[in-house]
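Below is one structure; the comments refer to it alone.
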2 protein chains.
Amino acid sequence: MAPSETLTAERILEATEEVLRRHGPAKATVVDVARALGVSHGTVYRHFRTKATLREAVTKRWLDRTSQTLARFVTEDHDPETRLRHWLAGLFEAKRKKAGGDPELFATYSVLAEEAGEAVSDHIDELTDQLTEIVRAGVESGAFTVADPAVAARVVFQATGRFHDPSYAREWLKPGVEGEFEAMVELLVRGLR
Amino acid sequence: MAPSETLTAERILEATEEVLRRHGPAKATVVDVARALGVSHGTVYRHFRTKATLREAVTKRWLDRTSQTLARFVTEDHDPETRLRHWLAGLFEAKRKKAGGDPELFATYSVLAEEAGEAVSDHIDELTDQLTEIVRAGVESGAFTVADPAVAARVVFQATGRFHDPSYAREWLKPGVEGEFEAMVELLVRGLR
DNA sequence: GGAATGACAGATATTGAAATCTGTCAGCTG
DNA sequence: CAGCTGACAGATTTCAATATCTGTCATTCC
């Protein structure tokens, strides 16, 4: 019962990510994944009903990594405004690092995210919930003044889209983005106070 | 010297738009444009050096229509905050109307805009300049308090990207966008004051 | 008997040959 | 002679035949 002999969903997802890294989103097939695992493709279909399901699962896994990284800023030991600034900076930083560090893999996952409508909107909901939590704390402490924290959080998330939406990834390399990001956060924080 | 006998750049652009409307961005060829005008394609090349130049010109023409629509809000007879609100609402309205009224043509121009890097960034510069003008007036009247109107204008433009960037066009149909837009403008205006 | 296999049908992707397009230019035309 | 034409070379696109892939399931294997 060595791990290499038990075929789990997790092992399939690892192999899928590897195949995606190698072949890219257009050419990565279920047959490739099965080959990488040394099983027949029918076996992969026993764990994931369709290719789309498999892709969505691997995408969700990728998105969840970001959510988890950011979760710590929500409960951080700072005042709400600082937590908000850290959370936004953390989101931008995380995305920029992913995009800059392995551009091909990032492009691959951007394509997958395009397909995986629900996984993405769930992810956005999760991030917005985290933001809402911070804004709500700010309202309670009197640092922020907004009618509805959930609405304010969504607006802040959307306003900063340029710094986390993958379709703007190429902008993240330009000199001056850092300054634009600072100015954006400044304006939004002022609007919340 | 009837207009139908004089081949001007403008007539070529009209024909190009018509061909794009009919065939879409992928299949619209210079030969099609020449055929629509009843001339040889060599003649079209006399007015536009390349197909890319022609496409960029027709894109610029399309973008300029929006710039002109919005220009009137800059000098409108209202206080700066109202002008800002009108300008932003006008931008959203104009884009949404274009996208909703003729989705295929909008999709066609979205593709063209993707290719025409410089025409688009010029257009964005022009819109940002208009916004800067309004923000500057607001700072002078004491309605707004910002260090640099140009920076603030760019941030406001970027923050509202979701409501004017063509890549978000499908979001514009969802119920509730109107409310999201209002909330966004509210937060930004508060941040500027 | 529960998990894995591999043959299969229909859908999708690849390939290479033929058709069309882009951009040039020498010559025609009014 | 200024503006237009159409033939041309090289690049790109189309199309149809071929190969591969997706998803199923009767059978095999441990």
Side-chain angles (χ1 to χ4, degrees), chain A residues 1-60 104 107-108 111-112 114-119, chain B residues 1-59 107-108 111-112 114-119:
Chain A
M1 211 185 261
S4 64
E5 285 170 13
T6 311
L7 189 61
T8 62
E10 180 58 23
R11 281 194 62 222
I12 294 176
L13 291 178
E14 274 166 27
T16 303
E17 188 168 55
E18 183 53 28
V19 168
L20 282 166
R21 194 191 302 276
R22 273 218 173 73
H23 301 336
K27 291 202 211 164
T29 71
V30 176
V31 171
D32 289 330
V33 173
R35 204 168 11 234
L37 289 164
V39 299
S40 85
H41 73 279
T43 302
V44 175
Y45 277 98
R46 166 165 296 281
H47 292 262
F48 295 94
R49 253 198 312 286
T50 66
K51 182 187 184 184
T53 308
L54 174 58
R55 286 182 164 228
E56 196 154 339
V58 82
T59 305
K60 178 169 167 26
E104 287 199 27
T108 292
V111 170
L112 291 189
E114 205 73 17
E115 302 168 0
E118 198 177 337
Chain B
M1 209 184 261
S4 64
E5 285 170 12
T6 312
L7 188 60
T8 60
E10 179 60 22
R11 280 194 63 225
I12 294 176
L13 291 179
E14 274 166 26
T16 304
E17 187 168 57
E18 183 54 27
V19 167
L20 282 166
R21 193 191 305 273
R22 272 217 174 73
H23 301 337
K27 292 202 211 163
T29 72
V30 176
V31 171
D32 289 331
V33 173
R35 197 160 26 225
L37 289 164
V39 299
S40 86
H41 74 278
T43 303
V44 174
Y45 278 98
R46 164 166 298 282
H47 293 262
F48 295 94
R49 252 199 311 287
T50 66
K51 182 188 184 184
T53 308
L54 174 57
R55 286 182 163 228
E56 195 154 341
V58 82
T59 304
T108 292
V111 170
L112 291 189
E114 205 73 15
E115 301 169 1
E118 198 177 336

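Sequence lines set the chain letters: A, B, ... in the order given, protein chains first and strands last, and positions in each chain run from 1. Note that these values count all heavy atoms, side chains included, but never hydrogens, waters or copies made by symmetry. What you see is a predicted model, and the numbers here were worked out from it, not measured in a lab.
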By a strict heavy-atom criterion of less than 4.0 Å, which residues belonging to residues 44-57 of chain B are in contact with DNA chain C?
->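 B:Y45, B:T50, B:K51, in order of number.
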Shortest side-chain distance from B:V30, nucleotide among C:dT5, C:dT22, D:dT5 =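 Between C:dT5, C:dT22, D:dT5, the one nearest the side chain of B:V30 would be C:dT22.
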B:L7 side chain: which of D:dT5, D:dC4, D:dT22 is closest?
->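 For the B:L7 side chain, the nearest candidate turns out to be D:dC4.
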Walk me through it: do A:T16 and A:D32 pass the test side chain to side chain contact (heavy atoms under 4.5 Å, CB included)?
-> CA-CA 8 Å; A:T16 303; A:D32 289 330; over 6 Å; no
Basic-acidic side-chain contact under 4.0 Å: A:K60, A:E56 |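 No, no charged N to carboxylate O under 4.0 Å.
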NA contact type, A:V31, heavy-atom cut-off 4.0 Å: base, sugar-phosphate, or nothing?
->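 Counting heavy atoms under 4.0 Å across all strands, the contact made by A:V31 includes a base.
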Just call it for A:S40: base, sugar-phosphate, or nothing, with non-hydrogen atoms closer than 4.0 Å on any strand.
->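 A:S40: base contact, heavy atoms under 4.0 Å.
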Side-chain contact, heavy-atom cut-off 4.5 Å: B:L20 with B:L112?
->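 When only atoms from C-beta onward are counted, B:L112 and B:L20 do touch, with a gap below 4.5 Å.
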Kindly say whether, by distance alone, the side chain of B:H41 makes a donor-acceptor pair under 3.5 Å with the base of C:dG23?
->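 Checked by distance alone, the answer is yes.
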Can you tell me the distance, in whole Å, between the CG atom of B:D32 and the C1' atom of C:dC21?
->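 From B:D32 CG to C:dC21 C1': 10 Å.
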Between C:dA4 (P) and A:R35 (CZ): distance, integer Å =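 Atom-to-atom, A:R35 to C:dA4, this comes out as 19 Å.
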Comparing A:G42 and A:K27 on DNA chain D - which has the more 5′ nearest nucleotide =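 It is A:K27 whose nearest nucleotide is closer to the 5' end.
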Applying side chain to side chain donor-acceptor pair (under 3.5 Å), name anything that partners A:E17, two or more places apart in sequence or on another chain.
->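 Per chain and number, A:E17 pairs via side chain to side chain donor-acceptor pair (under 3.5 Å) with A:R65, A:Y109.
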Whether over 12 other heavy atoms sit under 6.0 Å from A:E104 CD |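 No.
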Give the intermediate values and the outcome of side chain to side chain contact (heavy atoms under 4.5 Å, CB included) for residues B:R11 and B:T8.
-> CA-CA 5 Å; B:R11 280 194 63 225; B:T8 60; 3.5 Å; yes
